Amino acid sequence: MRADRRRPTPALRPTQARRPRPIPRPPRARPRLILRRTPEMTNDAIRSALEAVLEDMGAPTGTITLEQPRDPTHGDVATNVALTLAKPLSRAPRQIAEEIAEKFDLAAAGVDAVEVAGPGFLNFRLASGSVVSALDDILEADTTWGRSEGGKGQAVMVEFVSANPTGPLHVGHGRQAALGDGVAALLDWTGWKVHREYYYNDAGRQIDQLALSVRARYRQALGVDEAVPDDGYRGEYVKDVANALVAEVADRYVEDNSDEALDAIRTHAVKMLREEQDRDLNDFRVSFDEYFLESSLYSGGRVDGTIQDLKNTGLVYEHDGATWLKTSQFGDQKDRVMVRSNGQPTYFLPDVAYHMTKWERGFERVINVQGADHHGTVDRVRAGLQALGLPSGYPEYVLHQMVRVVQDNEQVKFSKRTGSGMTLRELYEQVGVDVARYFFQMRKPDAHLLFDLDIALDQSDKNPMYKVQYAHARMCSIFRKGEMELEDVEAGSAELSMLSHELELELVKRLVEFASVIERAARGSSPHVVCDYLERTAGAANSWYHAGNPSRNPELAVLTGDPALRRARLALARAVQIVLRNGLTLLGIDAPTRMVREDDQEN
RNA sequence: GCGCCUGUAGCUCAGCUGGAUAGAGCAUCGGCCUUCUAAGCCGAAUGUCGUAGGUUCGAGUCCUACCAGGCGCGCCA
């Protein structure tokens, strides 16, 4: 059955291209009538063969799980059914496994061998060529390899960053920007229709503090002695905003303490700082489909409408002059105030109003990416939404821990511009956007992130981001060396079963896993899973590449003498390149075809 | 005091739905090397999975208690 994939040795045909083509290729594969064998199909075949045996033995068939063993000596596919059946059949697991192995139909499952191992595992070794044939699928899929359709095109909103426009973005926002963008990309790659949203809190008390701080600096700039409020903003950037205001309006507001004047200052400050944030994010390759302004909730009447709606639920009461909502009925630790005794709504209210708009805009699934310091608001917001009839788990949250930037074993805290922590821009202008994005995504959100500048600045393979980029560039360099283009290697152009070296087979197995890795990462909103995969795959690719170094094992080189073997290895190199590139693309990182070190440029 | 997160090799961290002998990178040690251009390659050593119980064929993974660290517990945002 494997034989039908073989193609006759191609007849040589004249080189036809403008470019030299050192490697004669077979004619483009005929329309492929042969069903391609995906890993899922292989598993299905094994599964149904197992079900047949279990039925024969009178055992339940519902619980078969197949997995890929870590240890390659445990075969290509393994199952623990015999272990799980020990109890229902009240027999020793190994004995059950022996019987299954004996009755198993190897040919029907496309398996070369099955053996019993350990406490009763069944290990299957796939027919040779079955694994390696997946390379054609990778070449065929190219930029879409790794994509899947589980999301069925449904709409999902990812809200992230949502920083107050009161100052420059810092490294914590950077983690959130990269993480949120990664989560959004994972959803996109698994078939969701993703909407990226940024919520600007442009209406709160903090904005008032900003306006007062800017006004003080503005007056100072014009020689008037006015102190910045105690709880105001003190970073250097406030002076920049004030100086820009001087340039724009000269001394118009020096003695004007009216609300109108303060409004104008506030508007000026918010506009300028928002523009700076947008610039910082844009240069960090993060962009949004929609910017939602908190102020629009008030001006559009949504906040008042939400109070009314909540009152209509009968879950609202007055106490000590304030208006409360019985959020404790929905799992919150205590009831919350919606409207203070002074008539001002608390932050809780616009928050609920905002999330109602998400639902009403058609997003039945929403993921909020936030710093873990906000976890206290999760139950509260959900409770408010439940009171209005939304489902209990709405919205979902990805909460991430803080970032520490470390250099020479010491924490970097200083930023001239903000007077406190390092800004996002300061970070990525130092280490590069690719490294910053990778480092922010390579740890699971739950864990504190230690951003080690020494490693980030290292441009060797010690830096995981460069390790992946180097592996990608190495694959590309093979093609340059062979005077070919990447596109010259097409699906069906090689006799893939010639790939038989352990390093090659290990690599192929990894490449095949790619889509399931992305699905798992998407399921857990965990871009770090992709980083981990890319790093390991790059490691395997680098080992393979280095093994073929002419000074070591020239017979393992991709550009080896045997044309057929060379074609097969080029297909593998191309497939590696595709997977690494797609993975980096998902993470929002470049996949250069060649690497230039800064040191090289200096020379 | 209550709630959430974290605790895995010297360091930074993976560990999928509970599976086989707990894995990477850095650092350390040993040996190669100048390339299918890439400060490189190959190999070795390293563990009380915070502690103590429990669940079961099987626990780093699930449950309970405790210890340590971070964060949150306003009519602040």
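Within every chain, numbering begins at 1; the chains are lettered A, B, ... in the order of the sequence lines, protein sequences first and strands thereafter. Just so it is clear, the model here is predicted, and its values are computed rather than measured.
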Answer with base, sugar-phosphate or nothing: what part of the nucleic acid does [X] contact at a heavy-atom distance below 4.0 Å?
X: N123(A); result: base
X: D532(A); result: sugar-phosphate
X: H400(A); result: nothing
X: H375(A); result: base
X: T560(A); result: nothing
X: A473(A); result: nothing
X: S341(A); result: base
X: N542(A); result: nothing
X: L83(A); result: base

Exercise for the section: Stems involving RNA chain B: give each as a range paired with a range, ordered by first number, where a stem means at least three consecutive Watson-Crick or G-U wobble pairs under 3.5 Å. Expected result: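 Looking at RNA chain B, the stems formed by three or more consecutive pairs are B:1-7 with B:67-73, B:10-13 with B:23-26, B:28-32 with B:40-44, B:50-54 with B:62-66.
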Problem - Whether F121(A) stacks on the six-membered ring of A20(B) base, 5.5 Å and 30° limits - result: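 Yes, aromatic ring over the base.
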Handout entry: Proximal nucleotide (of G25(B), C71(B), C75(B)) relative to the K334(A) side chain
Key =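 Within the option list, the nearest is C75(B).
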Exercise for the section: Looking only at side-chain atoms of R536(A), point me to the closest of A24(B), G72(B), A38(B). Expected result: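 In terms of side-chain proximity for R536(A), the closest of A24(B), G72(B), A38(B) is A24(B).
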Practice task
Check the angle between the aromatic planes of W324(A) and Y317(A) and answer parallel, tilted or perpendicular using the 30° and 60° thresholds.
Solution key: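 Answer is parallel, since the angle falls under 30°.
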